[in-house]
Each structure stands twice: as structure tokens, then as C-alpha cells.
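Have a look at the structure below, then the notes.
Small disclaimer: the values here were computed from a predicted structure and weren't measured. In what follows, chains carry the letters A, B, and so on, assigned in the order in which the sequence lines appear, proteins first and then strands, with residues in each chain numbered from 1.
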Amino acid sequence: MGDIFKVFNMMAWFPENVSTFGAELDNLFGVIYYLSVVIFFLTFGIMGYFLIKYRHKEGRKGYNYHGNNIVELTWTILPTILFAGLGLYTDSAWAETKYSHKVPVADVEILVLGKQFGWYAMYPGADGKFGRNAYTDRSARHLMSTTNPFGIDSTDEAGMDDFVTENQFKIPVNSNVVVRGSSIDVLHSFFLPHMRVKQDVIPGLWMKIWFNAFKTGNYELACAELCGGGHYSMRAEYEILSKSGYDKWLDQKNSDVKQLRMMSAGTTEPAPIVEESHPASH
Amino acid sequence: MGHDHGNVIPSYMKVFYTLCTLTVLTVVAAKSLHFPASWGTPGDILHVSIGVIIAVIKVIAVMYIFMHLKFDHPFLRFLVYVPAFLFVVLTFALNFLESWDYIH
Amino acid sequence: MSSALNLSHEPVTKIPHGKLVMWAFLASELMFFSGFFGAFIVLRNANYDTFGQGSALLSWPLALVNTFILIGSSLTMAMCIYHLERKNNRFFQLFLGLTILGGFGFLIVKFIEYSSKFEHGLFPGQEHHTLFFSFYFMMTGFHAIHVIAGMIPMSFMWFKSFTKKGYPYPVKVETLGLYWHFVDLMWIFIFPALYLMIPYHGAIGGH
Amino acid sequence: MSETSVVTPDSGTMDVGHHDHHELPWYRKYLFSTDHKVIAKQFMIAALFFMFVGGAFALFIRWQLAYPGKPIPVIGSILPASWVTEPMSGVITPEFFTQLLTMHGSVMIFLVIIPLAAGMFGNFCIPLMIGTDDMALPRLNMWSFWLVPPAGLIMMAGFYTETGYAAAGWTSYPPLSALTGLPVFTISGQTLWLIALFMIGFSSIMGAVNYVTTIMNKRAKGMKLFDMPLTVWALFITAIIITLGTPVLAAALTMLFMDNFLHTSFFLPDSLVTSSHYAGGGQPVLWQHIFWFYSHPAVYIMILPLMGVVSDVLATFSRKPIYGYKAMVFALSGIAFLGFIVWGHHMFQSGMNPLLGTTFVLSTIVIAVPSSIKVFNWLGTLWRGDIRFTSAMLSGLAFVSMFIIGGLSGVFMASAAVDIFIHDTYFIVAHIHYVLFGGSLFGIFAGIYYWFPKMYGRMLNETWGRRHLFWTFIAFNCTFFPMHVLGLAGHMRRIYDPNVYDFLKGLSGLNEFITISAIVLGFAQLILVANIFHSLIWGKKAGRNPWNANTLEWAAPEHPGHGNFDTDITVYRGPYEFCVEGRELDYWPQWEPGESISVHHHTIAVSKEESENKVFGAH
Ligand code: HEA
Ligand code: HEA
Ligand code: CUA
Ligand SMILES: [Cu+2]
């Protein structure tokens, strides 16, 4: 029985929130939800009352009345104010999460690419700077290929330490993570349910996405835009680490990259994919 | 028919001459007015607006005289103004499309 | 039966049914081309240089000739309606004939234009196209289809006008005339949009 | 078409019109008829057929979501090999799943709801309700129907192509819909989808320009625009939306067709890594703008006619004038106008300029206002009525209540910030079905129950009607209400197997419940079908005006023939004069002579002299 009522307790169904602005978005949902509940009971109540009270009975006659302009005006203006207020009220959250000039200074910057069907993430490596690639330089776009999705120019020194992970990434807790997202084929949507983040990624453009997690743990990244038969399996994992854990992981990666570079010295290869997982392999 | 406005041939000819003149004018304007490349987008907008304004004048002439919009039922004007407005809305919004935020 | 009833009265707006349908249809056509123009404007601004290059490859003098042909045929169309309403069948035939001729002239010039583009390997789509030529062929192509679609009933009316009764339906000609003016009207936009309004500053790039 | 069966054997005497016409050959009478009523029935039958097809697709989808990896019962083993993972396994492939949901959406929207809402009601109601003999251009009208079945077949023919049906969703976002991976000039399911939609769009436009002209030009003597029933108003405004919106879709379809078939790149940017032979330069988001510029108005194309129908039904069965007739008309126009400037609310997360997002939030939220006006006026119509719970009325009430729920969920999404989480989740799917099934389809049921007597001269069985509505209403809510919850839990739409994700693991029970309800919902519709066929043959004969309604269609013979009316029609008053003071009957048809005055929003029947004195001033 309790389960049935749980269906109507909408707010209980949200996945856990780990994002700093997530609670605000959930609250906005709650505001509209409770407003809707009120309207629902109001309208349904009135309707039910009328239906019972004015149901056909011997001798009853309808009331010939064509309506009243003042009443009409009231129920035009009141909802207008209510709705417009609602729109403006929710707009600040929208601006905060999406307007590009509101994106905070990045503690961690990652490039993310969607592909059919998986995700790449690229980190700037030890120097904290990306080398020349399709993101930093538009003209490097022609370097993009299936083996070099980010279009990394392997002759650029700054890019030597950049590294790529596939279907997973890691971020530190309590830091502003700024993701630049794009795609190499069709539209995908970068959806972090627990982070209340969703943004379509479009081939040819680099979307600015940001979030800040306040809790460590393992979470999932999904694709929310139909992108072909494998759309459902376009899953990735991300781990939110403590600051020190993250630094440790980063150091580990950097030395891995160095090693890989040494081994393949001389050949001009794009950044190696140092870590991959196939959480959705089937 | 129904609405006979006497001899309309002179006004038809007037429209015809106007159209011819304006056509020549567009070509001359487009070919001679080269705003320096350094003007960038504003120069382009200026250039295009000249063409658009001339085209709109031509279209109004055709619609109102050749197509008798001037003399006909107001509903027909509704059928012209509304699409024209929607066209403006559509292109205006579309031009926000390539959001400068995301170009890189 | 309905002749005995008052159901089939004269149109309330006094506009004949066919003509009102045509106007509504033209409103619709206007939105159809709006879709193309909207897309064109956006993609032109995003690909300013390649559009400029493409436009520079077009032959604006030929298009200018076509503009005059269309304006002329619009005029003759208006004239032929005028004369049909006054039952001057001779003049009606003359001006309608001229209008049809204009349509043919337009298509011939278009044919010359297209074949020179094909010779240079400019097609819509496939490996070597540029977006500009996709637009060029799509917009002028749809326009040309409209021209052809207008010429078919026009020719029919023209031939009919040589029968004993002449062509007895001025309203139909007027309705077709609306359509024909609309075709002219679209060209008024297409001509500057494709041929003139994309100055090519060479490699410097306008933006 | 099975039209042959519908002419009731002994309605001949009532078919006044027939005798004065040449006897037409059967194919002119039933197949290529130019009679608007026959065309309306053709639309109905074709659309209800496609509703089965679309419903079947939906049940496939539901099975897969509730029991991923389990073979489909009964028909699983006979499915074509290209649909299933292994021959005879009965488990559908992910690729086929995307084709299913695409075809489900496309069929339901373009081959069911639009043909029913605009095609069927437009054709049936307009000439009858404005008191004229037929459409302005009957032949054009005929063609507007005859483009639809071939279009449906072309869409379905996708099955025979290499890639199967179109598979990019009913919204067909490029690049997915443009990159077929096939060489140029190869037909794929997507190509056929584009062609079919172009044809349907053209058919809509042909119908719409005809409606506009008919309503402007052919109203019965004495009928002013503000004497038209709301159904006609709604259809008029819908026709204008179609006229101005659909061609924009046609332009977009043309461009996508070229991308798909000729490999141009209107919607394909540079450096698509997996398909480098495209020249690029295009913009994927451009398609979304143009598509939604049509498709948002299109959702109102799908609901406005039904709002009109329900207004008429509510007024008739409450035996009351509609509350705020003019406000209703202005609300309809307001929705239509605003509908053209809110399309961006489908694109909040699409990468469109977020500033544009803010403006679209405001316009979208404003569009809820005219909808609210309509809802309140419907409630006002019930107030102090004399309410008869016929099947038509029950469907109408279901429409109002389900539209409220669907509309309220729209308000959530209208707020861009809230939409971040629920976009592309089942919350949207719930919204779609509350407005389209709970709204449009219940409105269509209302119209069918209401006008069936005029269409076929016989009454539908009320008991079975009630049973149908009861089961539909219950099963509908059990199917679609829990989808809100799925959405909140983050369940993405268009996914083949939710169990891939850990955060969706707990939802399989809900998914199962939804599927079972959906099956019940599907079977409940068979009651309607049975009722229709039963009533066609054994139904009670309907008189001319079985509901004691006011509008002009009820002046026509009980099964009107070609030409519709057997008497002169002159309109004396508005369509909703119920329970007028000073009259014996509780209704006062528009065509019945008589004088009245209006005092303080009431109508009072008076004698001629009194009305000429106009003591209180007429309205
Ligand atoms: C008949 C069809 C129909 C109708 C009428 C509507 C009506 C509305 N729709 Fe809906 N919509 C669809 C069909 C429809 N929609 C479809 C098919 C999609 C999905 C497309 C896809 O992606 O596949 C969609 C998607 C969709 C989205 C995109 C979501 C997303 O993808 O992220 C949005 C966002 O704003 C939206 C909003 C609205 C709003 C605000 C209304 C408003 O018009 C609703 C107004 C009604 C009310 C508000 C309720 C009644 C009012 C009251 C009871 C008054 C009292 C209230 C107060 C005083 C507050 N719709
Ligand atoms: C009017 C439109 C309409 C209708 C009626 C329905 C009806 C149903 N839809 Fe619909 N649905 C859409 C429009 C509609 N849908 C759209 C636009 C989408 C989005 C597509 C996309 O993502 O691209 C969608 C998507 C969609 C999804 C999401 C798919 C996904 O994203 O993965 C699901 C999943 O459960 C679903 C289920 C159902 C079910 C169970 C029904 C049931 O109600 C069906 C039950 C009905 C039947 C089984 C047949 C009933 C009919 C008859 C029996 C005929 C009666 C005959 C006579 C009266 C003669 N639909
Ligand atoms: Cu990528 Cu869905
Ligand atoms: Cu919408």
C-alpha cells in the first residue's frame, strides 16, 4: 500500500544528488510540483463537485448564462502573473547552470567526446594545458579520425602529456569541473543523472558544461539523445575522488603516459588511451 | 473580378518600370558598393539590407498592384502579413543559432 | 437539389473559392520558401567564404536576363487578365502567349546556366559540392518547378482560347495569375540572395 | 474501403439528396468520392487502421522494456529474421527497437491523430456545421485524402529496404537521420519516411486551404463568424496553423532528403569523423529549429480541433451555453499565435544559445495562459448545468481532466532549469501521452460518440460506450502516470534496455506494471471497434437531432446524402442557446426563427415587438 503512494511522492524518486546546484534544481521541480498538486486538486475538486451537484435530475434546468468578462479577465491575469513569475523565478537557476559567462573558473578541465557508442575523455596531463587539438585550434579539425578522435597534433610539445580515457573518467570532489563536450559523429547527450547535468553534444561545436560534486563515489554517465541502435549502451562510469586521491590518480596517469611515450618514441601517435572499460559490453 | 477599377494598364506599366529600375538598381548597388572587408559584419549587414529593402519594395509593388491585394478583401492581407511576420521571427531566432559561446 | 435551397449562395467574402484557396496556398508557399531562406541566411553567415566563392562562380548577367523575363511575363499576365475580363480574346491570346513564351525563355536560360555548372562539375551533393551549390540547385530548382507547373495550365488555357467559345473563365486565369506573380515574387528574393548579396572578398574573409 | 457496409439499408428515404443526382458508379461514391462526409469516413477508417499498427508497435516497445531479453510471446517466433537477435529467438534487436519507436511516434502523429483531428472532423463538421452542401473545392478535398494511404504505405515500405524502417525517432534529428552509411541515390527507410511525410504535409495543406475557404465563403445565410460553433472556430484556426506551419516542415524535409539521398550537407558539419566524404559546413541544430518551428504548432494542430469538439459536447450535455464563448475563441487564437514562437522549448539542452532558452521559457509559460482560460471556461460550463452522462460527455470530461494533467507536466518542462533533468526522459513520454492520448484521443472518442448518429444514422450503444471509456480511462492512467516516476528516476527515453544502468535497476517492477496496463489499454479499444460494427448493423435508429443540440448539422436528415440539407438554412442566433428563458424546450436550434434579447449575459426569448423595442439593449 505504501508503495502505491510512493508513486505520488514524486520527489522521492530522484536519484541521489551529488551536485552543488542539483538541490536548487530539485527544489524548483518541487515548487512546480506542489503548485501542480494544488491546481490539480482545485480543478479536479471543482469538476467533481459540479458533476455531482449538477447531475441531471427530474426538473433541473441548465442556467442560461454566457459568461462574465470580469471573471474571464481575472482568470487570464492571475495565471499570467503566476506563470510569468514562475518563469522568472526559475530563470536564475537556468542562467547559473548554462550561461557561459556564469561558468566558474575551472579547477579541472576535461574534453569529452561522444561517439557511437561510447565516450572519450581527455585530460591536459602534467602541464595542465592542452596541446594543439580540434578543441584548442579549429584548423586542427581535419586531424580528427577514428584513431585520433580529438584531432591531436602530435608534433605539439604541449600535447605530449595529454591523455585520453575511454568510457570512464575521474574528477575531484569540491572542485569546479568544466567539461568541453563534442561529438565525432551524431548527436549525443552528456547526461549525469546524479549531477543534474544534461547537455547535447554536437559534432563541430564544443559545448561548455560545468558542475561541482560535493560527495565522492562511483556514478554513471548516460547518453540521453537517440544516436542509433547502441544508444542504450552508451554508458560510462565516473568516479568522484577526494582531492588527494585525484592527485594520486593523476600522477599515476602522467607517469603511465610518459612510459607509453617512451615506448613508442619516434612514431607520431596521438595521445594514447590509457584507461578504458566496457561497462556496457554485451 | 467584381472589382473593376477602370483602366489599370497605366498603373501596371508603372509597376513594370519600377520593377525594371529597381532591378538595375540592385545590381548596380551590389556590384559597385563594396564595403571594405575591414567593416566585417556591419558592412555585410548594410550590403544585404540594401538588397532586402529593394526586394521588399518590389514585392510590395507586385502584391499590391499585380495581385490586387490593394483592392481585395482584408483577409487576404492577413494571409500575407502573418507569414511575413513568421518569416522574420524564424530568421531572427535562427541567427542566434550558432551560439558564439560554443564556437571554438 | 441544392439549387432550390439557399445553401449555395455567392461567396460571403465575395472572393471566388478558387481564388481564396490560391491565396491561402500562396501563404503556404511563402512559408515553404521561408524555410529555405531561413536556412540559407544562417548557413551563409556561418560559411561566408565558401558561399562567396560559390556565388562568384554564378553568372549574374544570365540571372539578370531572367529577372527581366519574369518581370515582363508578370506584366503580360496582368495584361491578359485585364483583356479577358473585357472579352478582348485576341489580346488575351497575345498576352497569354507572351507569358508562356516568357516562361520558356526563363527555362532556356536556366538550362544554359545549369549545364555550364554541370560542365564545371558543380552538382548538388556528393563529393565535390559546396553547401552553396546545394542551396543554389535546391532553390532555383524548386523555383523552376514552379515555373513549369504554372506553364502547364497556362498552355491549356491558351489552346482552349482558340476554340469557338474562347476561354470562358476569367476567374481561373486570375487565379493562375496570382500564382504566376508569386513565382516572380520568389525570384525577386532569390536573385539578390544567391547572385548578388554575397560579396567575395577573396581569401581575406569577410568575418 | 469498407464504406459499402455503412449505408444503412432503409435510410434511402432520408437520403433526400441522392435522387436528384446522377447515380454515380460505386467507385465514385465510396472510393473517389468528393462528398465531404464520405471523405471524413475514409479518414476515420484509414486512421483507425493505422492506430492498430501504431498500437502494435507500442506493445512491442513495452514488452521489450518490461522484459528485456525475453522472447515476445505468441508471435515472437514468426517475426522476420531482421527484427530479432537470432532467428526464431523472438527477442528484438536494439536496431529494430529504434525503428519501432520511430514508427510508433510517426504513425500515431502523422497517420492517426492529424488525420482524425484535422482530416476527419474537418471534413465532417465544417460543411454541416456552417450549413452548406459541401467543401469549397470538393475535388481538392478528395485528393487531400488520397495522398494519405499511399504515404502510409511508403512509410511502411521502409521494411523492405536494406536498413529497415526509419530509425531516428519521429523527430529524425540529423546527423543520425542523414548518415545512412549507404551510397548516394540509395533508398533507405529514412528516405521513404521523408517522402511519406512530405506527402502527408501536402495533403494537410490541401485540406487546410480548403477549410479556410469554406469557412470564409460558404457560411449559411445569417451566420456571422461569431455565430460559428467552437468546433468550426477551432478547425478554422487549426487550418491556418497547418497552412503556415506545414510548408516549413516541407522545406526542412526537402533539405534532409537531399542530405540523406544526395549527400549534401545542410545539416552536417565539417569533420564528421566516421563519414568524411561529406563536405560539411552545415549545422545539425538548424534542423531542430526548423522542425520544431513546425512541430510545436503541430501539437496544437492535434489538440485544437478536439478542444472545439469537447466545447460543443460539454455545452450540449450540460444543457448550458458555453461559458465565455468569445474568450474561448480568443484563447484558441492565442494558442495558435503563441504556438509559433515557443518551438525552442524542445531544444533547451540542444546547444542552442542559452539566452534564447530564457526567451523561450517566457513564451512557453505564457502559452499556458490561454490553455488555462479554456480549462476554466469548461469548468464554468459545467457550473449550474443539467449534466447528462452520455458516452460523449464522459469522453469530453476525460479529455478535460487528462489535458489538465498533461498540461501541468508541460509546465515543468517549460521551465528550462527543471527541464535539464527531465529532458529526454520518460517524463516527456508521460507528457506526450497525457496530451495526445488523454487529450486528443479522448477528444476524438468524444467526437465519434457525439457525431456517429449523424455519420451513419444510428446510435452507438451507450452501455458498451461506457465500458470502453471506463477501461480505457483506468488502463490509460495506469500505463502513463507511472511514466512520470520513471522520468524522475532518470529513465531515458528511447533506450532498449534500462537494466544496463545501475541507477535504473530498481524500476523494472514499474516497467512491468506499465506494460501490463498497456496491454489492457490496447484490448479496451476493441470494445470501441466492436461497438462500432455492432451499431452499424443493429444500432438504434437516430432521429435528426438525437441529443437535442443546437448546431446546424442536426438540421440535416438523419443520414444526410450528397448536398447535406433538405431544407433552407438561415441562422438566427449563436450555437449555444440552451435553457433560454421564455421557451418550453431546453434548447433553441440555430436554424429556428425567433426573437430574443440579451440581458446581463442571459438570453431571453421574446416576441417580435419586444425585441424591436430592445428595452434592455441587445448584445
Ligand atoms: C497535443 C499535444 C501537446 C500539447 C497540447 C502540449 C502542450 C504543452 N506542452 Fe508539450 N509536447 C508534446 C505535445 C503537446 N504538448 C509532445 C508530443 C512533446 C514531445 C516531443 C518529442 O520530443 O518527441 C512535447 C514536449 C514538450 C516540451 C519539451 C520537453 C523536452 O523535450 O524536454 C515542452 C517544454 O516546454 C512542452 C511544453 C508544453 C506546454 C507548456 C504545453 C501547454 O500548452 C500546456 C498548457 C496546459 C496547462 C497548463 C494545463 C491546464 C491549465 C490549468 C489547469 C490552469 C491552472 C493552472 C495554473 C493557474 C498554473 N512540451
Ligand atoms: C497520439 C499519439 C500516441 C498514442 C495514441 C500512443 C499510444 C501508446 N504509446 Fe506512444 N508515443 C507517441 C505517441 C503516441 N503513443 C510519440 C509521439 C512517441 C515518441 C516517439 C519517439 O520517441 O520518437 C511515443 C513514444 C512511446 C514510448 C517511448 C518509447 C521510447 O522512448 O523508448 C512508449 C513506451 O512505453 C510508448 C507507449 C505507448 C503505449 C503503450 C500506447 C498505448 O496507448 C497504445 C495502446 C493502443 C493500442 C494497442 C491500439 C489501440 C487502438 C486500437 C485497438 C484501434 C481502435 C480501432 C477502432 C476504434 C476502429 N509510446
Ligand atoms: Cu549517444 Cu545516445
Ligand atoms: Cu512544444
Side-chain angles (χ1 to χ4, degrees), chain C residues 1-51 54 123-135 137-139 141-142, chain D residues 16-17 19-21 131-133 136-137 140 184 205-206 208-210 212-214 216-221 223 239-240 242-252 254-255 258-259 261-266 277 279-283 286 289-290 293-294 562-570:
Chain C
M1 158 207 84
S2 33
S3 56
L5 300 178
N6 68 359
L7 303 176
S8 286
H9 46 74
E10 119 169 40
V12 176
T13 56
K14 307 283 190 300
I15 313 167
H17 299 329
K19 206 175 137 187
L20 188 50
V21 164
M22 180 54 83
W23 267 106
F25 179 68
L26 293 183
S28 192
E29 288 269 40
L30 217 57
M31 291 308 291
F32 182 59
F33 280 93
S34 290
F36 289 150
F37 275 107
F40 178 77
I41 293 168
V42 171
L43 293 180
R44 165 196 184 275
N45 292 346
N47 301 277
Y48 198 71
D49 287 341
T50 52
F51 271 52
F123 297 101
Q126 306 189 36
E127 301 270 327
H128 307 293
H129 84 290
T130 69
L131 200 45
F132 177 80
F133 278 97
S134 306
F135 269 114
F137 281 108
M138 181 173 69
M139 283 158 87
F142 264 102
Chain D
V16 201
H19 305 294
D20 302 313
H21 283 270
T132 187
D133 49 359
L137 301 186
L140 186 69
V184 256
I205 294 173
M206 290 202 292
V209 293
N210 218 339
V212 170
T213 306
T214 308
M216 287 304 287
N217 269 354
K218 296 197 70 172
R219 272 169 285 135
K221 232 177 108 207
M223 187 180 240
I240 291 173
I242 295 177
T243 310
L244 303 180
T246 313
V248 182
L249 175 72
T254 308
M255 288 186 269
M258 285 175 75
D259 278 4
F261 195 61
L262 305 173
H263 290 194
T264 59
S265 58
F266 293 108
H277 61 282
Q283 296 189 349
L286 180 61
H289 276 287
I290 309 181
F293 185 83
Y294 160 74
H562 217 293
N564 288 349
F565 293 92
D566 51 0
T567 50
D568 271 340
I569 297 289
T570 306

Below 4.5 Å, heavy-atom pairs only: which of [options] has the largest tally toward chain D?
| options | value |
| --- | --- |
| C/F32, C/F25, C/W23 | C/F32 |
| C/F142, C/F33, C/F51 | C/F142 |
| C/G35, C/A24, C/A39, C/S28 | C/S28 |

Kindly indicate whether the side chain of [X], heavy atoms from C-beta on, has any atom under 4.5 Å from the side chain of [Y].
| X | Y | result |
| --- | --- | --- |
| D/I290 | D/M255 | yes |
| D/P247 | C/E29 | no |
| C/F132 | C/N47 | no |

Side chain from CB out, backbone as N, CA, C, O: work out which of these in [X] comes under 4.5 Å of a heavy atom of chain C, or both, or neither.
| X | answer |
| --- | --- |
| D/L244 | both |
| D/A220 | backbone |
| D/L140 | side chain |
| D/Y294 | neither |

* For D/T567, all residues meeting side chain to side chain contact (heavy atoms under 4.5 Å, CB included), sequence neighbours excluded -> D/I569
* To do: Please state whether the rings of C/F133 and C/F137 are parallel, tilted or perpendicular, taking 30° and 60° as the class boundaries.
  =>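 Tilted.
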* **Segment of C/S34 engaging chain D (4.5 angstrom heavy-atom cut-off)** => neither
* Of the listed residues (D/T213, D/V212, D/N210), which shares the most heavy-atom pairs with chain C below a 4.5 Å separation? -> D/T213
* For chain C, find which of D/T243, D/N217, D/D259, D/I242 contributes the most heavy-atom pairs closer than 4.5 angstrom. =>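 Heavy-atom pair counts peak at D/N217.
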* Asked: Taking only residues two or more places apart in sequence or in another chain, which ones pass ring-ring contact (aromatic ring centres under 6.0 Å, His included) with D/F266?
  -> C/F135
* Asked: What's the shortest heavy-atom distance between D/D133 and D/K218, and which atoms?
  -> OD1-NZ, 3.1 Å
